[in-house]
Amino acid sequence: MNHFHYQNGELFAEDVAIARIAREVGTPFYCYSTATLQRHYTVFAEALKAAGLDATICFAAKANPNMAVIRTFAQLGAGADVVSEGELRQALAAGVPAARIVFSGVGKTRHELEFAVAKGIFQINVESEPELEMLSEIAAARGQVMPIAIRVNPDVDAGTHAKITTGKKENKFGIEWTRAREVYARAKALPGVEPVAIACHIGSQLTELTPFREAFLRVRDLVAMLRADGIDIRRLDLGGGLGVPYDDETPPEPAAYAEVIKATLGDLGCRFVFEPGRLLVGNAGILVSRIIRVKEGSTRTFLIVDAAMNDLARPSLYDAYHSIFPVAEPKAGAALAEVDVVGPVCETGDTFAKQRRLPPMRTDDLLAFGTAGAYGAAMSSTYNTRPLIPEVLVKGGDYAVIRVRPSYEDMRSLESLPGWLNDE
Ligand SMILES: *Cc1c(COP(=O)(O)O)cnc(C)c1O
């Protein structure tokens with residue numbers, strides 16, 4: 001469910017015509033809908049509440065770290081799950097209280113841990129023993145005690161794309177399930193850290209509940225063992241990972257997900273933390289691009305658009321599917337033809353779709369890429385010296401540019417020529 005729809009023959013985001021934004025901001029750009037962001041958060045929060053789960057929802061900022069997006073959720077009561085100092089700073093700047101920030105990630109540096117401890121965030125999710133020892137030393141030296149979770153790797157197959165599965169023992173994430181008890185015992189003995197939670201995140205874009213159920217049952221066993229060892233587990237951080245429809249997949253509804261949690265973990269007297277990313281932002285964003293040229297090959301027609309793999313990396317990185325549709329509503333019964341939709345970057349991988357069925361399109365027509373709100377702008381780069389593209393947030397009949405397109409001078413401003421190349 002989202003708020004991008006045709007109205008009077010053209011695509012709107014809520015009450016704003018996409019063609020108008022394209023005229024005023026230029027293409028390509030990302031466009032997000034406030035009503036959709038709010039709706040996704042609310043549906044998720046209400047599903048947890050209906051299942052009787054006492055939960056803090058920490059938006060996984062890496063899916064869309066724009067401050068305006070984080071703040072939209074913060075105003076609804078969300079916290080943030082961050083994976084770097086940059087995201088931690090971004091969340092704080094967006095108005096998320098430190099008391100609602102969780103810090104995840106397999107390679108937090110000493111400096112990042114010091115920063116997080118100094119800010120007194122809600123919880124640090126520790127992913128290895130050396131990290132545990134370092135965090136203990138940092139917090140103890142400051143006379144603080146940090147509430148921590150140990151991220152356990154439950155060794156279940158999330159059944160998702162190999163590059164976004166994280167819960168198998170051969171993945172780099174977390175502490176192997178079989179060693180968790182030992183590591184908790186060590187954490188209990190160390191100063192500066194208090195193990196209060198178990199964290200578990202098995203992958204992204206999950207479209208089945210079974211892997212979640214398997215992982216949660218392992219977490220359940222672990223709670224019992226740790227409590228028997230005298231460790232007071234009070235919270236369970238169940239990560240993110242719930243999928244969204246890109247094409248014809250039908251991911252579980254939040255209510256069904258909440259029921260699985262209630263059934264597997266609901267009777268343990270724990271509070272819950274969730275770290276949804278894609279679920280909250282995926283369908284709340286589109287990428288809008290203009291057709292630069294229509295190129296007829298001998299066997300294929302190519303629509304060359306002004307967005308490229310540096311703007312939306314998912315198709316080239318994960319062979320991901322994005323819906324593609326014209327901004328001008330096609331006439332009913334318009335003939336469809338198979339085309340390849342490609343960007344201008346000098347890589348064959350810069351292909352958004354092959355043999356996609358689209359109505360007739362011409363130079364300068366606008367196209368929208370659906371479900372681009374998650375891991376879209378967040379993963380963009382300046383490859384081919386292409387400026388990062390603007391992000392626009394719509395609310396009702398208003399829109400605002402929430403990240404501007406940098407000028408070429410802005411892009412060059414961080415570079416300089418060393419003296420020996422400066423021949424002036
Ligand atoms: C990426 C990530 C998330 C968010 O995953 P989604 O699939 O976007 O919900 C949550 N927690 C951790 C630890 C992550 O690495």
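All residue numbers refer to positions in the sequence shown, counting from 1.
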Kindly say whether Pro65 contributes a backbone atom to a donor-acceptor pair with the side chain of Gln90 at under 3.5 angstrom? yes

So, for Val341 and Leu358, which heavy atoms are closest and what is the spacing to 0.1 Å? CG2-CD1, 4.1 Å

Quick check: are there more than 12 heavy atoms from other residues, nucleotides or ligands sitting under 6.0 Å from CD of Gln144? yes

Test side-chain contact (heavy atoms from CB on, under 4.5 Å) applied to Leu317 and Tyr375, step by step: CA-CA 11 Å; Leu317 197 57; Tyr375 307 102; over 6 Å; no

Would you say Asn2's side chain and Phe4's backbone share a donor-acceptor pair under 3.5 angstrom? yes

Arg179 and Glu176 ion-paired at < 4.0 Å: no

Which atom pairs, one a donor and one an acceptor, fall under 3.5 Å between side chains of residues 10-31 and the rest of the protein, sequence neighbours left out?
unit_1, atom_1, unit_2, atom_2, d
Glu14, OE1, Gly396, N, 2.5
Glu14, OE2, Ser33, OG, 2.7
Glu14, OE2, Thr34, N, 3.0
Glu14, OE2, Ala35, N, 2.7
Arg20, NE, Glu24, OE2, 3.3
Glu24, OE1, Tyr399, OH, 2.5
Thr27, OG1, Asp306, OD2, 2.5
Tyr30, OH, Asp311, O, 2.5
Tyr30, OH, Ala377, N, 3.4

Just by distance, no angles: are the side chains of Asn283 and Thr371 close enough, under 3.5 Å, to form a donor-acceptor pair? yes

Is any side-chain heavy atom of Phe216 less than 4.5 Å from a side-chain heavy atom of Leu238? yes

Between Arg271 and Arg235, is there a donor-acceptor pair closer than 3.5 Å when you use the side chain of the first and the backbone of the second? no

Taking it one step at a time, do Asn125 and Asp237 satisfy side chain to side chain donor-acceptor pair (under 3.5 Å)? CA-CA 9 Å; Asn125 292 355; Asp237 178 343; 3.0 Å; yes

Any heavy-atom pair between the side chains of Leu303 and Val294 that's under 4.5 Å? yes

Contacts of Glu259 that satisfy side chain to side chain contact (heavy atoms under 4.5 Å, CB included) - sequence neighbours left out: Ala51, Lys262

Salt bridge between Arg186 and Glu133, side-chain N to carboxylate O under 4.0 Å? yes

Does atom NE2 (His111) have a neighbourhood of more than 12 heavy atoms from anything else shown, all under 6.0 Å? no

Tightest non-hydrogen contact, residues Ala378 and Ala63, listed as CB-O, 3.7 Å

Treating Arg290 as the side-chain partner and Asp364 as the backbone partner, does any N or O pair qualify as donor plus acceptor under 3.5 Å? yes

Quick one: does any side-chain atom of Arg220 pair with a main-chain N or O of Thr264 as donor and acceptor, under 3.5 Å? yes

What's the separation between atom CD in Glu182 and atom CD in Glu129, rounded to the nearest 0.5 Å? 6.5 Å

Smallest heavy-atom separation, Tyr6 atom then Pro330 atom, equals OH-CD, 3.8 Å

Rounded to the nearest 0.5 Å, what separates atom CG in Asp157 from atom OG1 in Thr210? 11.5 Å

Looking at Phe173 and Asn153, what are the two nearest heavy atoms and their distance? O-ND2, 3.0 Å

Derivation of the side-chain contact (heavy atoms from CB on, under 4.5 Å) call for Val43 and Glu253: CA-CA 9 Å; Val43 167; Glu253 295 290 331; 5.7 Å; no

Taking atom types as modelled, is there a side-chain donor on Tyr383 or Glu347 under 3.5 Å from an acceptor on the other? yes

Say you draw a straight line from CG of Leu88 to NZ of Lys119; how long is it, rounded to the nearest 0.5 Å? 8.0 Å

Are any of the side-chain heavy atoms of Asn64 and Phe59 separated by less than 4.5 Å? yes

Is it possible for you to check whether Arg314 lies under 6.0 Å from the centre of the six-membered ring of Phe369, through NZ or CZ, and within 45° of that ring's axis? no

What's the separation between atom OH in Tyr321 and atom CD in Glu249, rounded to the nearest 0.5 Å? 9.5 Å

Check: Phe73 and Val96 side chains under 4.5 Å, non-hydrogen atoms: no

Between Asn310 and Ser381 (side chain of the first, backbone of the second, donor and acceptor by atom type, cut-off under 3.5 Å), is there such a pair? yes

Verify the neighbour count for atom CE of Met379: are there more than 12 heavy atoms of other residues, nucleotides or ligands below 6.0 Å? yes

Output for pair (Leu206 CG, Leu242 CG), nearest 0.5 Å, gives 8.0 Å

Describe, in one word, how the ring planes of Tyr246 and His322 are oriented to each other, choosing from parallel (under 30°), tilted (30 to 60°) and perpendicular (over 60°). perpendicular

Test applied, side-chain hydrogen bond (donor to acceptor under 3.5 Å, both in side chains); reference residue, Asp340; option that passes from Lys295, Lys354, Arg300: Arg300

Tell me, do Cys58 and Val273 make a side-chain contact under 4.5 Å, heavy atoms counted? yes

Could you walk me through whether Cys346 and Asn384 pass the side-chain contact (heavy atoms from CB on, under 4.5 Å) test, one step at a time? CA-CA 8 Å; Cys346 303; Asn384 277 212; 4.0 Å; yes

Looking at side-chain heavy atoms only, is the closest gap between Pro344 and Arg386 below 4.5 Å? yes

Test ring-ring contact (aromatic ring centres under 6.0 Å, His included) on Phe274 and Phe44 and set out the steps. CA-CA 10 Å; Phe274 293 91; Phe44 189 65; 5.7 Å; yes

Using the side-chain contact (heavy atoms from CB on, under 4.5 Å) rule, take Leu393 and Tyr32 through it: C-alpha gap first, then chi angles, then the decisive distance, then the call. CA-CA 5 Å; Leu393 181 63; Tyr32 312 128; 3.8 Å; yes

Which pair of non-hydrogen atoms, one from Arg100 and one from Ala78, has the smallest distance, and what is that distance? NE-O, 3.5 Å

For the pair Thr72 (side chain) and Ala68 (backbone), establish whether a donor and an acceptor sit closer than 3.5 Å, ignoring hydrogens and angles. yes

Heavy-atom side-chain contact between Val193 and Val126 under 4.5 Å: no

At what distance, to the nearest 0.5 angstrom, does CD of Glu127 lie from NZ of Lys108? 5.5 Å

Kindly determine whether His201 and Glu275 satisfy side chain to side chain donor-acceptor pair (under 3.5 Å), including the steps that lead there. CA-CA 9 Å; His201 170 78; Glu275 306 168 348; 4.8 Å; no

Side chains of Val219 and Pro154, heavy atoms from C-beta outward: is any pair under 4.5 Å? no

Side chain Arg403, main chain Ile389, donor-acceptor under 3.5 Å: yes

With the threshold set at 4.0 Å, does a side-chain nitrogen-carboxylate oxygen contact exist between Lys62 and Glu87? no

Between Gly343 and Asp350, what is the shortest heavy-atom contact and its length? C-OD2, 2.9 Å

Quick check on side-chain contact (heavy atoms from CB on, under 4.5 Å): which of Asp81, Ile121, Ile148 does Phe103 satisfy it with? Ile121

Side chains of Ser407 and Asp410: donor-acceptor distance under 3.5 Å anywhere? yes

